[in-house]
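All values below were derived from every heavy atom in this structure, side-chain atoms included, with hydrogens, water molecules and symmetry-related copies excluded. In what follows, every chain begins at residue 1, and chains take the letters A, B, ... in the order their sequences are listed.
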There are 2 protein chains.
Amino acid sequence: MSDRRAQRHAATRQEILDAAWNLARSHGLTGWSLRELAASVGMRAPSLYVYFDGKDAIYDAMFAQGYRQLLERIGRLPTAGEPVEVLRGAAREFFDFYVEDAARHQLLFLRVVPGFEPSPESYALARDVVARLREVLADAGLDRPEAVDLWTALFTGLASQQASNDPGGDRWQRLLDRAVDMFVASEAPAT
Amino acid sequence: MSDRRAQRHAATRQEILDAAWNLARSHGLTGWSLRELAASVGMRAPSLYVYFDGKDAIYDAMFAQGYRQLLERIGRLPTAGEPVEVLRGAAREFFDFYVEDAARHQLLFLRVVPGFEPSPESYALARDVVARLREVLADAGLDRPEAVDLWTALFTGLASQQASNDPGGDRWQRLLDRAVDMFVASEAPAT
DNA sequence: GTCTATAAATGGATAGAC
DNA sequence: GTCTATCCATTTATAGAC
């Protein structure tokens, strides 16, 4: 059956992607070759071309997968309850997502891979994430566009500091709730 | 005279570094080769080894130069006057420094070059910057360690968003003063 | 779908003449 | 100090046998 074959193909594709993420985490986002990637899934380099058109196609699939993961996690966020609690949950989710995987952070949010540009389809996922985040924050009472921008900057900044300057620790993580309070206070000063 | 020769040597070294920064800005921090670098200063690759021990030594010199630039700019900051004004000046200085040069930002604050580790001498400059920043903020009334951490996260976050999502624009730059106010209000709520 | 073999280019780095 | 020549490793990618 062609269905069976397609399923196997997709499974191997995912296996390759998982291995690529592992290499990116251990050797840096650009610190691995197709030979290494193939070896880590028990193949030789040319066989990878059965599943991907080349290295940039692999980066593109990783880019799309990363944004799909983020989108799914935003979707799971509780949106009912006290606005402050909702925002704390959202802040923690974003913080964790960034800190968990520095390589993913670099691929999704910084332009680190020389010459790589995400495909239009993959980039559309990035736009979906921003749109969905905007909805969540609006539901919690943050509907001013500048509020969303400031919110994003604040929590990506905390996560970036944590990942770069205290990996494995909690020096910036501890500041999360306080940062949410600071933010909420400045958005509703007279309430 | 050996003095003349040493001066010429240092000048050429700097010329090479300037060219390396240009390549890093245009082709990405890791998107250039020693051949290209040599060509851009009118040399062939082997001649570079008269001035640097290899590519990582060039990255190391760039790393040190970047932190020296930042240290100098912190030194120029006005420290007298209204604390809020001092903090606004400091915030703007940091923001500009990061946004000006994405490649420099990646080299100094993110681990983007596979295998590269700054030398102890260069890394000492990074520590100097943090110490000096701590002094400036303390002079403006921010002496709690967590306050400094939150400050750093907030303004590197704003700068990173500006550089990544609105290069050449001012979407996050416009939020700077408001962010300082938010920060100051949360640090001195009952004054 | 996976392999061997290999192309074709590029990388950092060194030897030695000038 | 700069060069030519070259080494040697590595890269992505392709051709074609099985």
Rounded to the nearest Å, what distance is computed from the CH2 atom of residue A:Trp32 to the P atom of nucleotide C:dG11?
18 Å
Euclidean distance for P, D:dC8 against C:dA8 (whole angstrom):
22 Å
Between C:dG1 (C1') and A:Arg8 (CZ): distance, integer Å
11 Å
Looking only at atom types and distance, does a side-chain atom of A:Tyr67 sit under 3.5 Å from a main-chain N or O of A:Leu108, one as donor and one as acceptor?
yes
Of the listed nucleotides (D:dT4, C:dT2, C:dG1), which one gets closest to any side-chain atom of A:His9?
C:dG1
Between C1' on C:dT10 and CZ on B:Arg44, what's the gap in Å once rounded to a whole number?
16 Å
May I ask you to say what A:Ser47 touches in the nucleic acid, namely base, sugar-phosphate or nothing, with a heavy-atom cut-off under 4.0 Å?
base
Rounded to whole angstroms, how far apart are CZ on B:Arg35 and P on D:dC3?
13 Å
Rounded to whole angstrom units, what separation is found between the OH atom of A:Tyr51 and the C1' atom of C:dC3?
13 Å
Counting side-chain heavy atoms from C-beta on, which of D:dG1, C:dG11, D:dA13 comes nearest to B:Val50?
D:dG1
With nearest nucleotides of DNA chain D determined for A:Asp53 and B:Pro46 from heavy-atom distances, which residue corresponds to the more 5′ nucleotide?
B:Pro46
Interatomic distance where CG belongs to B:Leu37 and C1' belongs to C:dA13 [whole Å]:
14 Å
Separation of D:dG16 atom C1' from A:Tyr49 atom OH, nearest Å, is 16 Å
Does C:dT10 have OP1 or OP2 under 4.0 Å away from a side-chain N or O of B:Ser33?
no
With B:Asp149, which of A:Arg174, A:Arg171, A:Gln162 fulfils side chain to side chain donor-acceptor pair (under 3.5 Å)?
A:Arg171
Going hydrophobic residue to hydrophobic residue with side-chain gaps under 4.5 angstrom, can you get from B:Phe94 over to B:Val130?
no
Rounded distance (Å) that lies between atom P of C:dT10 and atom CG of A:Leu34:
17 Å
Would you call B:Arg68-B:Glu72 a salt bridge at under 4.0 Å N-O?
no
Is it the case that the side chain of A:Tyr59 and the backbone of A:Leu29 share a donor-acceptor pair, with hydrogens and angles ignored and the cut-off at 3.5 Å?
yes
